Structure formats: structure tokens, C-alpha cells
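So you know, we letter chains A, B, ... as the sequences are listed, proteins then strands, and number each from 1. All values reported here derive from a predicted model rather than from experimental measurement.
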Protein chains: 2
Amino acid sequence: MVRAQALLGHTLGEVAAALGGRIDGESRSLKGRAGDLVERALGASAGSAAEPDFPALGIELKTIPVDERGSVSESTFVCTLQLARIADERWADSWVRRKLSCVLWVPVDAAPRPLTERRIGRARLWRPSPDEEVALKQDYDELAGRIGLGEIADLTAHTGRCLQIRPKGPDGSARTTALGPAGELVEVMPRGFYLRSSFTSALLQHA
Amino acid sequence: MVRAQALLGHTLGEVAAALGGRIDGESRSLKGRAGDLVERALGASAGSAAEPDFPALGIELKTIPVDERGSVSESTFVCTLQLARIADERWADSWVRRKLSCVLWVPVDAAPRPLTERRIGRARLWRPSPDEEVALKQDYDELAGRIGLGEIADLTAHTGRCLQIRPKGPDGSARTTALGPAGELVEVMPRGFYLRSSFTSALLQHA
DNA sequence: ACGGATCCATACCTGGATCCTG
DNA sequence: CAGGATCCAGGTATGGATCCGT
């Protein structure tokens, strides 16, 4: 937390310079760079799989784009759908719940200016409140239930008040195998769980 | 085959130049380069997994180092041991057999001179003869049997007349999980199947 | 001489997210 | 404006084999 507070008010360009890195190029070529940069700045174990960013602390790190009033401007990716496992996994043991059990949110200015000039906001360490967890569980159960019924191909991002399912892949032609309504194999685009910005905006206000 | 014959007598440097590539550096930094180069020269689908190099033809491509008399100077890697599957897989359905069912051998001069100066020999399209297949099957059954008994940790490259098992990994610290004699989990170095050079020397003489 | 150790290229997967068009 | 599409980095796995000490 001390390290995270120390970033408050600094631009991403300053952080990059301090770490000996650069963040140049088109904005669409920089999608994950702010996240990578803050991971390095805080000493997270980058790129490791199936573990929190700070394994010893059980903390997940997320940068989150906010406007001048503190509203979140984009949804937040949580994790990939594991189509093979989701039918057997209850909320209590789900990857989504583990990922969201303890998150360090680091707001980053989302104004339309060069990444190097955007400033880092006040970091918040968050655990879901009882109300938040109920809301997440309800969405999860509904989404997982529909997948269990083989309705994955018809599931859109419209379902879910705080948690939704959206495509997650290199492009629209990506395919993975899932089970259809009659138990048959169907090819669908890989998906991921995302948090709606209304949910993350609210939790940042509370925290 | 026409393309493969066309390479006869040319140096790897000539082939690299024709393809717009280079093969510089220390010899130990060039271990797989001859193979990569000949793949490109013959239009093989490089790097694809679980498929032959020429999927439509069912042909596997292997460059093989030979001395001036045509003797093979190194063993030939066949495939990785899949410790999880090998207990259930019979020779007839094994990855080893599929890999070796039809191979285009492209001899490459193994003399101790720069890779660019080494010459390509006469390519042979090979299928195992009945005798060769019996010999391979016997070795495979013995090796797979010992693995099935949980003896993987004690298996050395001494076992097998034509097919052997040797380490295959980035370095000696690599580890994978296997089953020991009492069904317990043991950590061992990843292994691969290899053909002894006596076997490949003989098959090149016949072909 | 050869068994154990090692080296490179490339594809693939996961984790980091934001882009952008109807 | 948000659902569907996409972009980059980095680690891991696989495929190409030969190196090299005992």
C-alpha cells in the first residue's frame, strides 16, 4: 500500500522513465501497457498463471480507467471462461470469486491524451462487501446456469447486472469447443467474465 | 521429392541465401537451424503441433547429420514422452509409430565446419520395413512397460536397441510429474524418444 | 562414444486491458 | 454507449536438433 500510494499523482511517463521503459505508439497498441507498468512498479509477479499478482498476500492488482469525476470508463476483465469446468464449479469455488476476493484497484486517468501524460489516482484495497458478493453470486449463478444448459452460443453481454460475459480472444475468428443444448459439441468464440463499469464505479466511491 | 532432390549437393549457406535467411553464430547456437531451413525450403508447415510436417501427405521431415561415409553421427529425436498417456497407449496407436510411419530423411554433412558450408545429401522417403517395425515395437513395448511399472525415474538411455529414452528439456533442472512404483507422484526430468544412430545409419544404407 | 544436458525458433496460451462501429 | 472485436507482452510448450563431459 505504501508503494501504491507513492504512485499517486505521478504520470505513467514518469513511472516508465523511472523503470527504464517506454510507452510509445498508437493508443490501440498500448491497451495493456498501463497494467504491465504498474505491475512492475509495485513488484507484482508479472505473467504468472493461476495465481494472484501478489501470491504471498493473495492480492490481485488491477489498473482501472477513470474520468475526472472518478467514473470508470471501461469494463474490467476478470478471467477467462473455462467451459470445461464451469458446469461443475459453484460460486464458492469459482475462479471469478477467487480473483475478486481481494483486489488492489489503481485508478488511471482515462482522458484522451497520450498515455505518458496520464496520471495515477489513489489506490484502494477492496474486498467485496456482503451486498456486492450477493450481487456477483446472483449474476454468476445465472450465467453459469445458462452455460450448463448449453446456451453458451446465445449468451450475450446483456445478461448480468454487475458481471457479464463478453468475447475474449485475438479476433472474431477465434474458436473454442463447448457443449450445446443437446450435449453436442459446438464451436464458439472464447469468452471472459467482465465487471460492468457501473459496478466498479460504485465500489470505488465506497472504498 | 523433386524439391528434395533439387537440394542435393547445395550448401546450407546457399539455401539460406535463396530463402533470404542467415545462419551465423556459435555452433551450439545453431542446433536446430538446419532442420528449420530445410523445412522452409520444402514448404513444410513449420512448428505445427500434433501433425506431420506435410499434413496432406502424412510425411514427417527430418534432417540427419552424416559423415563422409554416410554414417549417422547423432541420435534422432522422435517425440516427447507423454507420461500421462503412455500407460494406456499401445504401439499400434502410439505417437512414436505415427511419427515414424513415413519419414523424409534429408542427410546433412556433419563435418566440423561452418554450417553455411555443409552440403545436403540425397533425400530418402522411408517407411519402416517389417523387420524395422518389429524392432521398434519391441523397444517401445519394453520402454512403455517399464514406465507403466513406475520405473521412469530409473530408466536410462541404455535401454532399447534402436529406440531409447533420453532427457528432453531446456536444462537439467526441468521437471515434470510422473507416477512412481507405488503409484505416488514423482518429479522427473521430461524425456523424449530417440532413434539410435546405428538404426538410422542402417536404414539410410537400405533406402 | 554416448548418455545426459542443453540451445534456438515459433506457436500457443494467459494475463494485461481498451478499441470502435452500428 | 456498450457489446462485440481486438491488440501487446511474456511465459510455456513443442518441434527443430546437437553439444560435451566422463
Heavy-atom check, side chain of Met189(B) versus side chain of Arg175(B), under 4.5 Å: yes

Euclidean distance, atom CE of residue Met189(A) to atom P of dT6(D) [Å, nearest integer]: 7 Å

Bend angle of the helix from dA1(C)-dT22(D) to dG22(C)-dC1(D), end axes from five pairs each (to 10°): 10°

Rounded distance in Å - NE2 (His158(B)) to C1' (dT22(D)): 12 Å

Pair of N/O donor and acceptor under 3.5 Å linking dG16(D) base with Lys168(B) side chain: yes

Distance-only polar pair, side chains of Glu133(A) and Trp91(A), donor-acceptor under 3.5 Å: yes

For Arg22(B), all residues meeting side chain to side chain donor-acceptor pair (under 3.5 Å), sequence neighbours excluded: none

Exercise: identify the closest heavy-atom pair between Ile147(B) and Ile86(B): CG2-CG2, 3.5 Å

Length of the line joining Leu37(B):CG and dT18(D):P, which is rounded to integer Å: 13 Å

d(CG, Leu195(B); P, dG16(D)) in whole Å: 13 Å

Polar pair under 3.5 Å, donor/acceptor by atom type, side chain Tyr194(A), base dA2(D): no

Under 3.5 Å donor-acceptor, Arg118(A) side chain and Ala111(A) backbone: yes

Nearest-angstrom distance from the residue atom CD of Glu51(B) to C1' of dC12(C): 15 Å

Distance in angstrom units between Phe193(B) CZ and dG16(D) P, rounded: 16 Å

Sidechain-backbone polar pair: Gln164(A) side chain, Ala157(A) backbone, donor-acceptor under 3.5 Å: yes

Side-chain donor/acceptor of Arg191(A) to backbone N/O of Leu155(A), under 3.5 Å: yes

Proximal nucleotide (of dG15(D), dG4(D), dG16(D)) relative to the Asp53(B) side chain: dG16(D)

Distance-only donor-acceptor check, side chains Glu187(A) and Thr177(A), under 3.5 Å: yes

Heavy-atom closest pair, residues Val188(B) and Ile152(B): CG2-CG1, 4.3 Å

Any donor-acceptor N/O pair, Tyr194(B) side chain to Pro167(B) backbone, under 3.5 Å: yes

Flag, side chain of Arg146(B) to backbone of Glu151(B), donor-acceptor distance under 3.5 Å: no

Whether Arg127(B) side chain and Cys102(B) backbone form a donor-acceptor pair below 3.5 Å: no

Check: Thr63(B) side chain, Val106(B) main-chain N or O, donor-acceptor pair, under 3.5 Å: no

Polar side-chain atom of Glu117(B) near backbone of Pro114(B) as donor-acceptor pair, under 3.5 Å: no

Lys99(A), NZ: over 12 other non-hydrogen atoms inside 6.0 angstrom: yes

Nearest-nucleotide comparison on DNA chain D, the residue closer to the 5′ end among Ile165(A) and Pro167(B): Ile165(A)

Distance (rounded to the nearest 0.5 Å) between Asp67(A) CG and Ser73(A) OG: 7.0 Å

Note, Val66(A) side chain near Val72(A) side chain (heavy atom, < 4.5 Å): yes

Residues in contact with DNA chain D, drawn from residues 8-34 of chain A - heavy-atom cutoff 4.0 Å: Arg28(A), Ser29(A), Lys31(A), Arg33(A)

Contact residues, residues 99-121 of chain B to DNA chain D [heavy atom, < 4.0 Å]: Lys99(B)

Close residues, residues 137-155 of chain B, relative to DNA chain D [heavy-atom separation under 4.0 Å]: none

Whole angstrom value for the distance that separates P of dC19(D) from CG of Asp171(B): 18 Å

Contacting residues from residues 58-83 of chain B, given that a heavy atom lies under 4.0 angstrom of DNA chain D: Glu60(B), Lys62(B), Thr63(B), Pro65(B), Glu74(B), Ser75(B), Phe77(B)

Nucleotide dC13(C), atom P - distance to CH2 of Trp95(A) in whole Å: 14 Å

Proximity to the side chain of Ala157(A) - top-ranked nucleotide from dG16(D), dG3(D), dT6(D): dG3(D)

Distance below 4.0 Å between Arg166(A) side-chain N/O and dT6(D) OP1 or OP2: no

